[in-house]
Structures are given as structure tokens and as C-alpha cells.
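Here the structure comes first, spelled out in C-alpha cells, and everything after it is commentary.
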Amino acid sequence: MEFLIKNDAIITKQKSECIVVSIDSGKNQSDLIKDLDQCTQGLVSQLIKSGDVSGELGKITFLYPFTNVLKQKIVFVGCGKAKEFDLIKSKKVIQAVTKELLSKQVKNITWDLLTFNPALSTDLAKQIPQIIGEMTYRFDVFKSQKAPTLHLSKVTLLCADRKLVEKITNNLLQGKIIADAITSTKTLADMPANICNAQYLAEQAMIYLDKTYPLLKVTCLGEKELAKLNMNAYLAVGRGSKNESIMTVIEYQGAKDKKAQPYVLVGKGLTFDSGGISIKPSAGMDEMKYDMCGAATVYGVMQAVAELKLPINVIGVMAGCENMPDGNAYRPGDILTTMSGTTVEIINTDAEGRLVLCDALTYVGRYNPKVVIDIATLTGACIVALGHHYTGVMGNNDSLVTQLVASSNKIGDKAWALPIDKDFQEQIKSTCADIVNAGGRDGGTITAACFLSRFTEKYQWAHLDIAGTAWKSGAKKGATGRPVAMLIQYLLDQKV
Ligand code: BES
Ligand code: MN
Ligand code: ZN
């Protein structure tokens with residue numbers, strides 16, 4: 001889908017198939033409406049007066065072309081009061097319009113939304129591609145009956161203020177890149193585990209990211225290489241599976257200085273988590289194909305980093321693996337020696353994400369990272385704490401945590417900081433090893449982070465628990481693409 005900005009204020013002049021007109025619920029209609037009214041010999045103000053066209057938030061009125069002077073279709077959309085218009089209201093408006101355009105099979109539109117409340121226009125420009133992207137995403141590769149093809153392909157937004165054109169154009173482009181990254185993440189995450197295993201993750205990165213972007217370089221470490229590195233915790237988790245554990249490393253060099261310290265992202269890539277010998281209950285186990293959403297997030301963010309050509313170095317790691325029960329599987333009671341040398345007593349084989357991550361986090365130490373952020377569907381406890389609304393943020397550096405939360409608010413991909421102090425470390429003490437892999441029910445999200453903190457002491461580190469935010473259950477079952485937007489915003493905020 002193409003998005004364009006046009007520095008123009010006369011909507012009736014626009015030659016697109018359809019014009020979308022934002023309606024104020026108060027008495028003051030914009031100059032755009034006055035022009036439209038003239039063109040239609042007063043019809044529009046009549047329609048507004050009679051209430052047929054309403055300013056009520058999200059209310060749609062569709063008109064087919066009706067005169068020789070105005071050959072375009074018109075969609076009126078109620079936006080409430082212009083002064084009270086905000087990003088939350090705008091989302092409702094954009095969703096209502098998109099739904100109408102899709103059902104009427106409109107191909108291209110011109111819209112005055114950015115002129116409705118100019119103060120909001122720069123933020124809006126970033127949101128529009130994301131909202132339309134979300135509404136037009138389909139995962140129907142396995143459906144015999146495909147969803148109807150999408151017709152909407154070109155969206156032109158009017159911008160009356162010449163001074164804002166550059167900023168808005170830039171934001172619109174960023175919004176489009178974020179929307180595309182979210183689509184890539186969702187497409188990967190929605191793939192079922194019988195197709196999407198660790199090798200599939202590696203192949204997608206090789207076939208698409210490595211080939212498409214000269215600035216991205218992809219390398220893969222299979223079980224042989226992981227064994228050479230003593231990544232025994234990572235390997236133990238994958239031992240019960242027929243599918244090979246593979247860690248995929250995606251390197252981006254955008255800084256002028258090749259040696260500039262990189263931002264490192266590490267994604268949990270459990271392509272299926274059955275729980276292993278500590279097997280999960282069957283109800284809802286199907287959803288554990290989404291346990292690789294951390295890795296899928298890394299994939300999407302790396303794509304966006306390359307598209308944006310950010311002037312920083314970034315390394316993305318997808319820690320691919322499958323947790324299955326089997327004669328060869330690791331068991332409760334086992335003691336593992338991790339890559340760092342720290343020993344772990346296994347209490348529960350379903351607390352596997354932290355085992356895969358701890359070795360991956362030790363491994364990335366070799367890059368002399370500026371910061372390391374891991375992204376993981378790590379604990380059910382995070383859903384209990386923050387529901388499906390907020391990603392949980394923890395780390396060993398307050399300023400990094402604060403920055404991540406700030407970036408999340410800026411882009412509307414919400415995150416909340418949880419405390420991780422020494423008191424919680426008590427819960428992961430072991431009688432026979434250095435630590436246990438499961439610290440009990442209480443504060444489960446935080447004790448999981450405490451476990452990771454034992455492997456990240458050499459650098460600034462943050463952990464994002466996305467168990468509640470990475471996918472939706474029920475009728476709308478599917479990946480959400482979170483927290484791709486938040487991470488891209490964080491990296492955008494770093495470049496100066
Ligand atoms: N992948 C799960 C966490 C999860 C559960 C994400 C439900 C989304 C929805 C993780 O590997 C896991 O099983 N965690 C256990 C840890 C426990 C055994 C300490 C959990 O949360 O129950
Ligand atoms: Mn698990
Ligand atoms: Zn898991």
C-alpha cells in the first residue's frame with residue numbers, strides 16, 4: 001500500500017476515486033467543507049443539518065458520485081469535536097473508514113484527516129499506516145477459501161501547512177516501515193509449529209533478510225556449534241525434540257564506525273512449548289506455537305532497522321528451539337552447567353525459556369554490547385500481573401528501563417516496569433546447584449527476570465516479558481506483532 005502527503009487544502013480538486021471528509025460534531029466545519037458545499041450547491045450543509053451526515057465519532061456516510069462537478073465517491077466520517085480529537089479517537093475513526101473502504105472495494109482515496117486537528121498531525125501520520133496495516137492483515141495461507149483481495153492501494157493525505165510537510169512525510173514513512181515490520185513478525189509468528197521450527201526461522205532470515213538487505217548479514221549456529229560453545233542449558237531444552245535447535249544471528253552495520261558498540265536484541269524462539277516432561281495441560285496447548293514471538297519480534301525489528309537505514313549497529317538473535325517430552329528429554333532434577341559456568345537445578349522443564357535465553361545472553365557478551373534487550377513470552381504470571389495490555393519491562397539499569405517505557409508510550413505500544421530487587425533472588429536459591437530454574441508462583445515474572453539477571457551482569461540489560469501482549473486467543477486468535485513498534489521507536493530515539 002502506498003501512502004502519500006499532498007500539500008493542498010482543497011479536497012474537491014483531488015482526482016482520486018474517493019474523498020474522505022472528516023466531520024466536526026460541533027457547529028464549526030472546516031473550509032474544506034465550505035468548498036465541498038459550494039460544489040454541491042449546499043447539499044452537504046443540508047445533510048449535516050438534517051443529521052444524515054453526523055460528526056458523531058466513527059459515524060460513516062457513503063455517497064456515490066452525483067454531479068458532473070464532483071465525480072468522486074465521498075465518505076464522511078464523524079470525528080467528534082476537533083479540539084477533543086486525540087490518538088485514541090483517531091484510531092476509531094481510521095478503523096471505521098478503513099472498514100467502509102474495504103467493503104466498498106475502493107482503490108484509492110484522498111483524506112483531510114491531518115488537517116482536522118493539525119496539532120496531532122505528526123503523531124497521526126505515524127499511526128495511520130499501522131492501523132490500516134492491522135486491519136488489512138490476513139493469515140489465510142492454509143485456508144482453501146482465501147479472504148477477498150484487498151483493493152485499497154493508495155492513500156493520499158492532505159496537509160495544509162507547508163512547514164509540516166517534511167516532518168509528516170518522514171513520520172508517514174516510518175509508520176509504513178513499522179507497519180510492514182509488524183506484518184512480517186505476525187506472518188512468521190502465525191506459522192504453525194509443524195512448519196515453523198528453528199530451521200524455518202533460520203531459513204526465513206537467510207532467504208529474505210540476508211538476500212534483500214545488503215546491510216544485513218545472517219549466520220546460523222546448529223547443535224554442533226552450540227555444543228562447542230558449551231551452551232548446555234539451551235541444548236538441554238531442545239534435546240527431546242526431533243527438530244534441531246538453531247540460533248540465528250542477524251547483524252546490521254549502520255554506524256560509520258564498524259566497531260561502534262551494537263544494540264543487541266535476543267528473542268525467545270520456542271517454536272513449540274509442550275512443557276517437556278513437566279507437560280502442560282492440553283487445553284490451550286495449541287497456543288504454544290506462539291512461544292517464538294520474541295524471535296519473530298527480532299525478525300521484524302531487524303527488517304525495519306535495515307529499511308530505516310539507522311546509523312547504529314544492531315544485532316538480532318533468534319534463539320530457535322522446541323520443548324518436547326521424549327526418552328532423550330531433559331528432566332526435573334537434572335543439573336545443567338550453562339555456558340557461563342553457573343549451574344542450574346531443573347525444578348520444572350516448562351520453565352525452559354530462561355534456559356535458552358541464559359546461554360544466548362552469555363553468548364552475546366562477545367559483541368561488547370551497548371545494551372542488550374531480550375524479548376520473551378516468558379511467564380504466565382505476566383498475564384496475571386499486567387493482563388493483555390502491557391508488556392512487562394525489567395532490567396539492571398533504571399535509565400534503560402525508563403527509556404523503553406517512554407518509547408512505548410510514544411508509539412502507543414504500552415509497557416510497564418516491574419521491580420526486580422535483591423529480595424526476589426532468594427526464591428531461586430538451590431540446595432545442590434547455584435540456582436533453580438523455577439522460583440515458585442509468587443512474583444513469577446520477576447523471579448524469571450532474576451534468573452536472567454545472573455547472566456547479564458557484564459552489560460546494560462533489559463528484559464521484555466510479552467506473554468500477555470504477543471498474541472490474542474479466542475475468536476481473534478493470532479499474533480499481534482507486539483512489541484515491534486516499541487522497539488523500533490526505542491532504536492529511532494537512540495540515533496542522536
Ligand atoms: N511459554 C511459557 C509462558 C507462557 C504461558 C506464555 C502462557 C504465554 C501464555 C513458559 O515457557 C512457561 O511455561 N512458563 C511457566 C514457568 C513456570 C513453570 C515457572 C509458567 O509461566 O507457568
Ligand atoms: Mn514453558
Ligand atoms: Zn515457553
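Note that ligands are numbered from 1 as they come in the structure, with each ligand's atoms numbered from 1 the same way.
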Which single N/O/S atom of [X] lies at minimum distance from the Zn ion (ligand 3)?
X	value
Asp273	OD2
Glu352	OE2
Asp291	OD2

**Message:** For the CE atom of Met339 and the CE atom of Met231, what is their distance to the nearest 0.5 Å?
**Reply:** 5.5 Å
**Request:** Quick one: pull up CZ in Phe424 and OG1 in Thr447 and give me the separation to the nearest 0.5 Å.
**Result:** 8.5 Å
Out of all atoms in ligand 1, which are within 4.0 Å of some heavy atom of [X]? Include the element for each.
X	result
Thr377	1 (N), 2 (C), 3 (C), 6 (C)
Gly380	3 (C), 4 (C), 5 (C), 20 (C), 21 (O)
Ala467	6 (C), 8 (C)

Inspect the contact between [Y] and [X] and indicate whether a charged nitrogen and a carboxylate oxygen are less than 4.0 angstrom apart.
X	Y	answer
Glu352	Lys268	yes
Asp434	Arg454	no
Asp190	Lys289	no
Asp413	Arg482	yes

**Request:** Please determine which of Val249, Thr456, Val264 meets the side chain to side chain contact (heavy atoms under 4.5 Å, CB included) test together with Val364.
**Result:** Val264
Applying a heavy-atom cut-off of 4.0 Å, say which part of [X] lies close to ligand 1: side chain, backbone, both or neither.
X	result
Asp350	both
Phe451	neither
Lys280	side chain

**Per atom 16 (C) of ligand 1, closest listed option by heavy atom (Arg354, Glu352, Lys268)** = Arg354
**Asked** For atom 3 (C) of ligand 1, which candidate among Leu378, Asp291, Asp273 provides the closest heavy atom?
**Response** Leu378
**Asked** Any sub-3.5 Å donor-acceptor pair from Gln127's side-chain atoms to Ile411's backbone N or O?
**Response** yes
**Prompt:** So, Asp334 side chain and Arg331 main chain: donor-acceptor pair closer than 3.5 Å or not?
**Reply:** yes
**Prompt:** Pick one: which of Asn397, Asn396, Asp374 meets side-chain hydrogen bond (donor to acceptor under 3.5 Å, both in side chains) with Trp461?
**Reply:** Asp374
**Item:** Pairing residues for Gln253 by the side-chain hydrogen bond (donor to acceptor under 3.5 Å, both in side chains) criterion, not counting sequence neighbours
**Value:** none
**Message:** Just by distance, no angles: are the side chains of Asn232 and Thr337 close enough, under 3.5 Å, to form a donor-acceptor pair?
**Reply:** no
**Request:** Give a yes-or-no answer on whether the side chains of Thr377 and Asp291 include a donor-acceptor pair shorter than 3.5 Å.
**Result:** yes
**Asked** Does the shortest distance from the Zn ion (ligand 3) to an N/O/S atom of Asp350 fall below 2.8 Å?
**Response** no
**Request:** Examine all N, O or S atoms of Gly353, backbone included, and report whether one is under 2.8 Å from the Zn ion (ligand 3).
**Result:** no
**Message:** Distance to the ring centre below 6.0 angstrom and angle to the axis at most 45 degrees; does that hold for Lys370 and Tyr459?
**Reply:** no
**Prompt:** Contact between Phe272 and ligand 1, counting heavy atoms under 4.0 Å?
**Reply:** no
**Asked** Heavy atom of Ile383 under 4.0 Å from ligand 1?
**Response** yes
What protein heavy atom sits nearest [atom], and how far off is it?
atom	answer
atom 8 (C) of ligand 1	Trp471 CH2, 3.2 Å
atom 7 (C) of ligand 1	Met288 CE, 3.5 Å
atom 18 (C) of ligand 1	Asn348 ND2, 3.4 Å

**Item:** Distance flag for atom 13 (O) of ligand 1, protein heavy atom under 4.0 Å
**Value:** yes
**Item:** Pair Gln403-Gln494, side chain to side chain donor-acceptor pair (under 3.5 Å): steps then yes or no
**Value:** CA-CA 10 Å; Gln403 280 180 56; Gln494 302 311 304; 3.1 Å; yes
**Request:** Sum up the protein N, O or S atoms located under 2.8 Å from the Mn ion (ligand 2).
**Result:** 4
